[in-house]
Undergrad: 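Questions regarding the structure given below will be posed in turn.
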Amino acid sequence: MKKTGEIARFIGGQLVGDDAIEIKGASGLKEAKKGDISFIIHEKFSPLLGMTKASCVVVPLTAKPCAKTVIRVADPSVSFSKAVDFIFPDRIPHPKGIHPTAVIEAKARIGANCGIGPYVVVRDGVSICDDTVIYPFCYIGKNARLGNSCIIYPGVTIREEVSLGNRVIIHPGAIIGGDGFGYDLAKGIFLKIPQIGTVVVEDDVEIGSNVTIDRARFSRTVIGAGTKIDNLVQVAHNVTIGRNCVVVAQSGISGSTKLGNGVMLGGQAGLVHHIELADGVKVGAQSGVLKSFLEKDTVLWGTPAKPIRLAKRLNASTALLPKLYARLNLLEKKIRALEKKK
Amino acid sequence: MKKTGEIARFIGGQLVGDDAIEIKGASGLKEAKKGDISFIIHEKFSPLLGMTKASCVVVPLTAKPCAKTVIRVADPSVSFSKAVDFIFPDRIPHPKGIHPTAVIEAKARIGANCGIGPYVVVRDGVSICDDTVIYPFCYIGKNARLGNSCIIYPGVTIREEVSLGNRVIIHPGAIIGGDGFGYDLAKGIFLKIPQIGTVVVEDDVEIGSNVTIDRARFSRTVIGAGTKIDNLVQVAHNVTIGRNCVVVAQSGISGSTKLGNGVMLGGQAGLVHHIELADGVKVGAQSGVLKSFLEKDTVLWGTPAKPIRLAKRLNASTALLPKLYARLNLLEKKIRALEKKK
Amino acid sequence: MKKTGEIARFIGGQLVGDDAIEIKGASGLKEAKKGDISFIIHEKFSPLLGMTKASCVVVPLTAKPCAKTVIRVADPSVSFSKAVDFIFPDRIPHPKGIHPTAVIEAKARIGANCGIGPYVVVRDGVSICDDTVIYPFCYIGKNARLGNSCIIYPGVTIREEVSLGNRVIIHPGAIIGGDGFGYDLAKGIFLKIPQIGTVVVEDDVEIGSNVTIDRARFSRTVIGAGTKIDNLVQVAHNVTIGRNCVVVAQSGISGSTKLGNGVMLGGQAGLVHHIELADGVKVGAQSGVLKSFLEKDTVLWGTPAKPIRLAKRLNASTALLPKLYARLNLLEKKIRALEKKK
């Protein structure tokens with residue numbers, strides 16, 4: 001519990017109103033109760049301030065004056081998130097200390113202030129830096145390296161030699177460093193190709209629940225710094241994802257494909273192998289990208305994916321097909337008439 | 001092992017034939033062996049009764065008389081399922097009692113007659129009602145609430161504050177209450193938006209293997225009573241699914257989207273965020289729904305999803321395109337001929 | 001570490017050059033360092049031999065002579081894989097022995113030389129044959145049978161009665177034998193249909209991370225010998241997959257569908273229920289197969305999937321639609337002109 005004045009100071013905002021209200025919860029404007037803090041992202045929502053039960057609202061600098069206690073800031077959504085972390089520092093009950101049931105092999109090194117929950121297995125040669133938290137049922141394979149302040153939720157498998165940067169968050173059930181899917185076909189039989197590379201996950205990456213990221217055949221599969229991956233995404237071996245990309249749920253990236261920085265993939269999108277998308281390319285949901293797009297910031301849609309203007313034009317053309325058939329029928333009739341007249 | 005007479009009484013059917021046959025197995029008509037019970041769902045399958053090796057068959061009231069021992073019931077499939085549960089009450093070897101290796105924190109409450117397997121972690125403040133079964137490697141986060149008679153298969157993660165109703169079944173590897181996928185973009189960097197809501201799963205819901213259901217940003221993601229979710233489905237934050245919906249494997253529902261009651265999503269279907277489907281809407285497999293459909297019982301297909309009559313018409317139009325080009329070529333030729341004659 | 005001469009002998013190749021080089025690593029040609037072994041799959045890549053830092057390269061019999069130490073073989077990729085396994089026999093740090101924390105119920109039988117990691121649960125009646133390895137957090141249900149030399153990675157659930165052949169590899173988080181998705185609709189309520197069949201996984205199958213394979217309603221879901229399944233694939237109840245099939249990531253196969261031998265499904269492909277694909281059928285990525293294709297080796301693409309020549313023709317026709325409209329507009333104009341002249 002924090003007071004409105006403390007919160008305003010912490011997020012660097014300007015308090016207008018009562019600085020001594022005790023804040024007990026945080027919520028959206030509609031659902032908010034007395035004692036909650038809430039926010040609006042734009043001054044146009046100012047009229048809603050009269051209707052919310054929230055005791056304090058984080059508002060943009062441009063918001064109109066009102067009777068409600070508000071905190072004025074440049075970016076209300078970002079500041080509200082900071083406020084939430086300030087008011088509820090232990091909101092998520094991470095494991096603390098090293099639980100006696102954790103199996104930590106002799107040559108593993110655990111940094112200061114880590115939380116290792118019950119039933120975690122940490123193999124030899126693993127290095128875990130300070131302030132990292134690992135939930136139950138995680139497997140950390142031989143020689144894996146985890147940076148500072150990572151959060152590894154339950155049931156995550158990080159196989160041998162995988163490397164995570166700092167502040168990486170991995171949600172439950174994600175699998176990092178499974179074997180890539182590679183076989184030689186010899187006389188009708190598939191022979192497994194050893195996958196002797198690894199996966200490198202850079203700083204500030206977040207990986208969703210039940211995501212699968214395969215290790216490279218050689219060298220590395222790379223997830224660039226700041227990239228966010230949603231649930232149930234597949235990243236095949238030797239993929240390179242740039243920095244600050246957003247990969248929405250259930251999309252899949254085939255082997256050796258390369259995404260630049262700031263690329264966005266919509267949900268259930270699929271990319272074939274060995275292609276490249278330039279920085280800032282955006283791929284619509286369910287699209288299937290079958291070739292490289294090397295021009296920055298191209299927006300793609302459809303299967304096969306095309307620049308969105310073209311894709312929408314084709315889509316509109318298709319939607320008009322029944323009318324087109326009608327026009328064609330009429331033309332044929334008219335021509336028959338013209339031909340008869342000769 | 002139960003006798004045919006007992007079974008008939010239990011399922012409320014009318015036995016015709018021998019009431020003392022010992023039933024040792026249950027099977028489809030084709031695969032059935034001597035000693036098995038089987039069923040047919042319609043009288044038109046009556047001829048097959050002569051060919052099955054099953055010792056007893058559950059049949060509809062309208063089935064023709066035959067030499068085989070049968071049990072006549074109004075709904076053979078439902079009655080057969082009841083019979084299976086009656087004959088093999090311990091068919092699935094659920095854990096019984098509380099295994100000594102389960103880590104149950106001090107302030108958790110476990111109801112009567114629960115089965116908590118080895119290597120389960122139950123955090124403080126959790127409440128588990130009577131007759132609920134939890135398999136190994138499940139994580140039940142702080143303050144989560146599980147109703148009566150739930151079955152939680154291995155490796156399920158239920159994060160803090162999540163609430164399950166009664167008779168909820170969760171298959172292995174499902175993740176309930178992972179963080180929603182939300183970020184603020186500030187100067188090219190994605191900042192995590194705290195996801196401080198939860199997930200409410202109502203009574204009689206079944207959730208498939210490796211499903212992911214994210215917690216709300218605020219308030220709740222809701223799965224309505226009686227809804228059945230197949231494997232590998234993604235349910236994003238703040239989604240509301242109504243009662244008695246069916247969500248087939250690998251489909252995905254984006255943030256804040258709302259399904260009415262009795263909605264059905266085909267496999268690999270995708271719904272964009274912030275849309276609404278009315279009660280009884282059916283979405284075909286692999287369809288991509290890009291806008292709300294507010295008329296009840298609409299059947300949708302394709303990407304972008306359209307009412308199925310329109311979608312099929314467009315699909316048929318597209319399939320005829322090569323012929324259309326041929327017709328157009330012919331017309332152009334004829335017109336050239338007409339123009340020359342002038 | 002092995003010497004080039006030993007490696008050549010082991011893989012049955014012809015060494016040309018120095019037989020005493022110590023090989024410390026294996027890599028692609030580009031990434032290779034001094035002390036590495038590498039390979040080229042075709043003589044056309046011979047010019048690259050001058051540029052690699054690899055100390056030894058596995059080459060095809062037809063490769064041109066060069067200054068580099070090479071091993072000549074008939075199939076370089078296959079031979080290189082063999083070499084990797086020879087040089088690094090313990091590359092993957094599988095568990096060895098039976099860890100004291102493994103919970104192995106009294107009536108389970110474990111073969112010779114198995115590796116059972118910490119926190120594995122093996123229920124009564126399970127039979128595990130020799131040389132099989134099971135990683136932490138795996139659950140092996142009652143009466144399940146695992147063959148020789150299987151590798152079961154962390155967090156795999158194998159439910160009761162499931163049977164695996166020899167040399168089966170299952171990647172982390174895969175769920176084998178979850179309940180099939182089957183309900184009877186009675187008065188608007190879905191009643192669960194007991195799924196009393198099982199899953200049979202034959203020899204030499206590999207199953208990717210977080211794959212879900214459901215048990216049959218009756219009898220068995222079957223994965224044929226030598227079949228390889230990529231990550232996040234869904235296999236529904238009563239599916240039969242033939243031998244030596246390849247099922248790429250995130251594809252889904254609906255209930256009771258049957259694949260012949262040597263079938264290939266591209267990523268995110270979907271197959272409806274109760275259809276059949278003949279031996280050697282290939283389905284393109286993201287395709288939706290809505291009916292059976294019984295002609296061998298048919299290549300399918302699109303939704304609804306069609307033989308690829310037809311699918312590509314339709315796709316090309318669609319891409320030309322804007323031009324078609326232009327042609328049609330012109331025709332209509334010309335006809336108006338012709339009509340006026342009368």
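Computed from a predicted structure; not experimentally measured. Naming convention: chains lettered A, B, ... in sequence-line order (proteins, then strands); numbering from 1 in each chain.
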Undergrad: Sort B:Ile229 into side chain, backbone, both or neither according to what part of it lies under 4.5 angstrom from a heavy atom of chain C.
TA: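 Looking at B:Ile229, just its backbone touches chain C.
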Undergrad: Picking from B:Pro322, B:Gly267, B:Gly208, B:Ala285, which has the most non-hydrogen pairs under 4.5 angstrom with chain C?
TA: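 Looking at each option in turn, the highest pair count goes to B:Pro322.
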Undergrad: With a distance cut-off below 6.0 Å to the six-membered ring centre and an angular limit of 45° from the axis, does B:Lys2 pair with B:Phe86 as a cation-pi contact?
TA: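 Yes; both conditions hold, so B:Lys2 lies above the ring face of B:Phe86.
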Undergrad: So, C:Thr257 side chain and C:Ile275 main chain: donor-acceptor pair closer than 3.5 Å or not?
TA: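 Confirmed, C:Thr257 side chain pairs with C:Ile275 backbone.
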Undergrad: Are B:Phe80 and B:Phe10 an aromatic pair, judged by ring center distance below 6.0 Å?
TA: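 Judged by ring-centre distance (under 6.0 Å), B:Phe10 and B:Phe80 do not meet the cut-off.
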Undergrad: Give the member of B:Ala26, B:Gly155, B:Ser77, B:Gly226 that has the highest number of heavy-atom pairs under 4.5 Å with chain C.
TA: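 Max contact count across the listed options: B:Ser77.
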Undergrad: So for B:Gln268, is it side chain, backbone, both, or neither that comes closer than 4.5 Å to the heavy atoms of chain C?
TA: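 It is the side chain, since no backbone atom gets that close.
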Undergrad: Taking side chain as everything from C-beta outward and backbone as N, CA, C, O, which of these in C:Ala269 sits under 4.5 Å from a heavy atom of chain B? Side chain, backbone, both or neither.
TA: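 Only the backbone of C:Ala269 comes within 4.5 Å of chain B.
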Undergrad: Non-hydrogen atoms of chain B under 4.5 Å away: do they reach the side chain of C:Val156, the backbone, both or neither?
TA: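 No part of it gets close to chain B.
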Undergrad: Check whether C:Glu105 gets within reach of chain B through its side chain, its backbone, both or neither, counting any heavy atom under 4.5 Å.
TA: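 No part of it gets close to chain B.
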Undergrad: For the interface with chain B, which of C:Leu310, C:Thr318, C:Leu324, C:Val103 has the highest count of heavy-atom pairs at distances below 4.5 Å?
TA: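 It is C:Leu324.
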Undergrad: Against chain C, label B:Asn261 side chain, backbone, both or neither, depending on which of its atoms sit under 4.5 Å from a heavy atom there.
TA: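 Neither part.
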Undergrad: Is there a donor-acceptor contact under 3.5 Å from the side chain of C:Thr221 to the main chain of C:Asp214?
TA: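 Here the side-chain-to-backbone pair exists.
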Undergrad: Give the member of B:Gly25, B:Gly28, B:Pro93 that has the highest number of heavy-atom pairs under 4.5 Å with chain C.
TA: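 Answer, by heavy-atom pair count under 4.5 Å with chain C: B:Pro93.
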Undergrad: Using a cut-off of under 4.5 Å for heavy-atom pairs, which of C:Lys142, C:Arg123, C:Arg159 has the most such pairs with chain B?
TA: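 The answer is C:Arg159.
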Undergrad: Checking heavy atoms, do the side chain of B:Val84, its backbone, both or neither come under 4.5 Å from chain C?
TA: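 For B:Val84, side-chain heavy atoms alone lie under 4.5 Å from chain C.
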Undergrad: With side-chain hydrogen bond (donor to acceptor under 3.5 Å, both in side chains) as the criterion, how do C:Asn143 and C:Glu161 come out once you've worked through the C-alpha distance, each side chain's angles and the decisive distance to 0.1 Å?
TA: CA-CA 5 Å; C:Asn143 296 335; C:Glu161 313 292 344; 3.0 Å; yes
Undergrad: Between C:Lys192 and C:Asp179, does at least one N-O distance fall below 4.0 Å, as a salt bridge requires?
TA: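 Yes, C:Lys192 and C:Asp179 are salt-bridged.
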Undergrad: Taking side chain as everything from C-beta outward and backbone as N, CA, C, O, which of these in B:Tyr153 sits under 4.5 Å from a heavy atom of chain C? Side chain, backbone, both or neither.
TA: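 Just the side chain, heavy atoms under 4.5 Å.
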Undergrad: Tell me, side chain or backbone of C:Gln234 under 4.5 Å from chain B's heavy atoms, or both, or neither?
TA: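 For C:Gln234, backbone and side chain are both near chain B.
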Undergrad: C:Val272 versus chain B, heavy atoms under 4.5 Å apart: side chain, backbone, both or neither?
TA: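 Neither part.
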Undergrad: Please say which of B:Val283, B:Val233, B:Leu300 ends up in a side chain to side chain contact (heavy atoms under 4.5 Å, CB included) with B:Leu265.
TA: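 Only match with B:Leu265 under side chain to side chain contact (heavy atoms under 4.5 Å, CB included): B:Val283.
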Undergrad: Between C:Tyr139 and B:Phe137, does the ring centre distance come in under 6.0 Å?
TA: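 No, too far apart.
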Undergrad: When heavy-atom pairs shorter than 4.5 Å are enumerated against chain C, which of B:Leu331, B:Asn210, B:Thr303, B:Leu321 gives the highest number?
TA: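 Of the candidates given, the most pairs with chain C belong to B:Asn210.
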Undergrad: Heavy atoms only, distances under 4.5 angstrom: which of B:Lys228, B:Lys30, B:Lys82 has the most pairs with chain C? Name it, please.
TA: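 Most pairs with chain C among the choices: B:Lys228.
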Undergrad: Side chain of C:Gln286, backbone of C:Gly266: donor and acceptor closer than 3.5 Å?
TA: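 Not at all, since once roles are kept as given, no pair shorter than 3.5 Å links the two residues.
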Undergrad: Heavy-atom distance under 4.5 Å to chain B: side chain of C:Leu320, backbone, both or neither?
TA: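 C:Leu320 touches chain B through backbone and side-chain heavy atoms alike.
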Undergrad: Taking side chain as everything from C-beta outward and backbone as N, CA, C, O, which of these in B:Asn329 sits under 4.5 Å from a heavy atom of chain C? Side chain, backbone, both or neither.
TA: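 Both backbone and side chain of B:Asn329 come within 4.5 Å of chain C.
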Undergrad: Counting heavy-atom pairs under 4.5 Å to chain B, which of C:Ala236, C:Ser287, C:Ala316 comes out on top?
TA: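 The answer is C:Ser287.
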Undergrad: Go through the steps for B:His99 and B:Tyr119 under the test side-chain hydrogen bond (donor to acceptor under 3.5 Å, both in side chains), then give the verdict.
TA: CA-CA 8 Å; B:His99 196 276; B:Tyr119 306 130; over 6 Å; no
